[in-house]
Protein chains: 2
Amino acid sequence: MKNMREKILGVATTLFETRGIHASGVDTIIAESGIAKATLYKYFPSKNELIIEYLKEKSNRFYTWINEKLSDTKLESRDVLFQLCDLYEQWITTPHFNGLPFHIGSVEFPDPAHPVHHYSIELSNELQQYLSKLAEIAGVKDAQTLGQQLTIIFEGGALIERLSPGTGAAKRARNAAITLIKVSV
Amino acid sequence: MKNMREKILGVATTLFETRGIHASGVDTIIAESGIAKATLYKYFPSKNELIIEYLKEKSNRFYTWINEKLSDTKLESRDVLFQLCDLYEQWITTPHFNGLPFHIGSVEFPDPAHPVHHYSIELSNELQQYLSKLAEIAGVKDAQTLGQQLTIIFEGGALIERLSPGTGAAKRARNAAITLIKVSV
DNA sequence: AAAAACGAACAGACCTGTCTGCATATTAAA
DNA sequence: TTTAATATGCAGACAGGTCTGTTCGTTTTT
């Protein structure tokens with residue numbers, strides 16, 4: 001089969017996000033995928049590599065989605081930031097949203113020396129830089145600060161929304177972000 | 001010995017926060033504590049109970065500390081919220097800060113049926129209610145909203161501060177919280 | 001025919017939780 | 001104060017299970 005890698009990655013993604021990474025054993029992943037163990041280890045040299053590929057793919061999917069949506073907006077104006085907040089809310093209130101991936105990776109692997117933790121830090125920095133750049137394009141003076149503050153709110157909102165769904169965490173995080181953008185010079 | 005329970009809990013706390021909960025086996029905890037396995041299981045009927053006691057104790061410690069600090073302020077004024085933000089920054093920039101406990105608990109045990117996840121939700125709600133009540137006392141109109149928004153910022157800030165220490169995440173989270181308080185009616 | 005995937009067993013380590021036998025404190029009685 | 005009874009903690013083996021990762025032949029696909 002051709003799309004064996006995607007199939008494995010898809011099953012792993014679901015298991016990692018619903019049961020946790022540590023709690024999802026390789027045996028469970030192969031049973032759920034309906035594949036042999038040797039096949040998994042052919043496409044992914046180790047479980048750690050599989051985890052990292054999961055993080056990478058989720059991240060790519062997010063940026064692809066958001067860049068496509070944002071490309072409709074004219075980038076010079078500050079409206080791009082407001083639209084970003086709406087997209088954020090939309091993203092984390094999606095039915096199958098299960099938390100931002102690097103968030104999970106960094107908490108489940110707190111040891112900074114662990115490759116998964118290390119890669120999670122990279123992804124976190126990438127998000128901050130992405131948001132900062134967006135703020136800079138929108139003409140915000142201290143773009144670095146706003147970028148990190150948006151990261152903080154998006155992270156926290158995603159966690160609370162996942163922990164207590166239906167209590168309006170996503171909407172309130174969006175509103176908090178919009179407030180911060182408005183007061184930014 | 002009298003303080004056996006505290007000793008075990010202390011070692012478990014350190015291990016849980018530096019290596020992760022799943023990654024800290026009972027054998028490691030007893031080896032690090034210098035006690036026998038039977039002793040641990042005398043004071044804590046299971047590892048799950050030990051985890052929950054860890055969460056409970058950390059939470060109590062936080063509220064004790066913050067209530068003591070806040071008792072100096074006159075509670076009718078809005079200044080109590082501003083002081084809260086300062087205390088928050090102080091708390092998460094403490095050298096041995098390793099993330100808010102229920103945050104870790106909820107991510108490492110994503111299954112809502114798991115007792116640790118369940119208790120983490122309780123602690124999250126408790127924090128939201130605590131902050132909402134503080135906002136109410138301070139005279140904020142929509143205290144529920146501000147309370148949850150502060151929870152979101154504090155959570156997100158704690159995560160980013162832990163993930164990228166020294167990048168000013170704590171200070172920026174504090175400032176974001178203060179901005180939100182100021183614009184609240 | 002050649003490549004890929006299968007099922008299944010295996011190794012070696014780790015996991016939680018129980019149990020036993022022995023040493024050490026602490027307490028009570030003489 | 002000395003002795004006896006009780007409680008507490010120790011080290012370590014053990015059970016039964018799960019973990020990652022490897023290696024078999026065997027079957028399916030190309």
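Below, all heavy atoms of this structure are taken into account, side chains as well, without hydrogens, waters or symmetry copies. Order of the sequence lines sets the chain letters (A, B, ...), proteins ahead of strands, with each chain counted from 1. As the structure is a computational prediction, the values presented were derived from the model and not from experiment.
Atoms CZ (B:Arg5) and P (D:dT8) sit 16 Å apart, rounded to a whole Å. Taking atom CD1 of residue B:Ile30 and atom P of nucleotide D:dG9, one finds them 14 Å apart after rounding to whole Å. One atom, NZ of A:Lys42, and another, P of D:dT20, lie 21 Å apart when rounded to the nearest Å. In this structure, CD1 of B:Ile8 is placed 14 Å from P of D:dT8, rounded to the nearest angstrom. Between A:Lys7 atom NZ and C:dA4 atom P there is a gap of 16 Å when expressed in whole angstrom units. The distance between atom CD1 of A:Ile51 and atom P of D:dC19, rounded to the nearest whole Å, is 13 Å. For the pair A:Asp27 CG and D:dT22 C1', the interatomic distance rounds to 13 Å; values are reported in whole Å. Distance CZ (A:Phe44) to C1' (D:dT20): 16 Å, rounded to an integer number of Å.
Side-chain N/O atoms of B:Ser46 include none lying less than 4.0 angstrom from OP1 or OP2 on C:dT16. Between A:Thr39 and C:dA4, a side-chain N or O to OP1/OP2 separation shorter than 4.0 Å is absent. Residue A:Tyr41 places no side-chain N or O under 4.0 Å from the OP1 or OP2 atom of D:dT23.
Taking the six-membered ring where tryptophan is involved, the planes of A:Trp65 and A:Trp91 are tilted, since the angle between them lies from 30° to 60°.
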For nucleotides 8-10 of chain C, list the nitrogen or oxygen atoms of the protein found under 3.5 Å from its nitrogen or oxygen atoms, one pair per line.
none

Side-chain donor-acceptor distances from residues 176-184 of chain B under 3.5 Å, at least two apart:
from	atom 1	to	atom 2	distance (Å)
B:Thr179	OG1	B:Asn175	O	3.0
B:Ser184	OG	B:Leu180	O	2.9

For residues 26-36 of chain B, run the donor-acceptor check on the side chains, cut-off 3.5 Å, and write out each pair with its distance to 0.1 Å, sequence neighbours left out.
from	atom 1	to	atom 2	distance (Å)
B:Asp27	OD1	B:Lys37	NZ	3.1
B:Ser33	OG	B:Ile29	O	2.7

Throw together a table of side-chain donor-acceptor distances under 3.5 angstrom for residues 99-113 of chain B, partners on residues two or more places apart or in other chains.
from	atom 1	to	atom 2	distance (Å)
B:His103	ND1	B:Glu155	OE1	2.7
B:His103	NE2	A:His103	NE2	2.5
B:Ser106	OG	B:Phe102	O	3.2
B:Ser106	OG	B:His103	O	3.0
B:Glu108	OE1	B:His22	N	3.1
B:Glu108	OE1	B:His22	ND1	2.9
B:Glu108	OE2	B:Ile21	N	2.7
B:Asp111	OD1	B:Ala113	N	3.0

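Each of A:Asn48 and B:Ser33 lies near DNA chain D, and the nucleotide nearest B:Ser33 is the one positioned closer to the 5' end. A residue-by-residue look at A:Gly34 and B:His22 shows that A:Gly34 has its nearest nucleotide of DNA chain C further toward the 5' end. For A:Pro45 and A:Ala23, each mapped to the nucleotide of DNA chain D holding its nearest heavy atom, the one lying further toward the 5' end belongs to A:Ala23.
Between the side chains of A:Tyr130 and A:Asn67, at least one donor N or O lies within less than 3.5 Å of an accepting N or O.
Applying the salt bridge (charged side-chain N to carboxylate O under 4.0 Å, His left out) rule to pairs touching residues 116-138 of chain B yields nothing, sequence neighbours excluded. Each side chain to side chain donor-acceptor pair (under 3.5 Å) pair with one or both residues in residues 162-172 of chain B, not counting sequence neighbours, appears once here: A:Thr145-B:Arg172, A:Gln148-B:Thr167, A:Gln148-B:Arg172, B:Glu89-B:Lys171.
Considering only the side chain of A:Met4, C:dA5 comes nearest among C:dA5, C:dT16, D:dG9.
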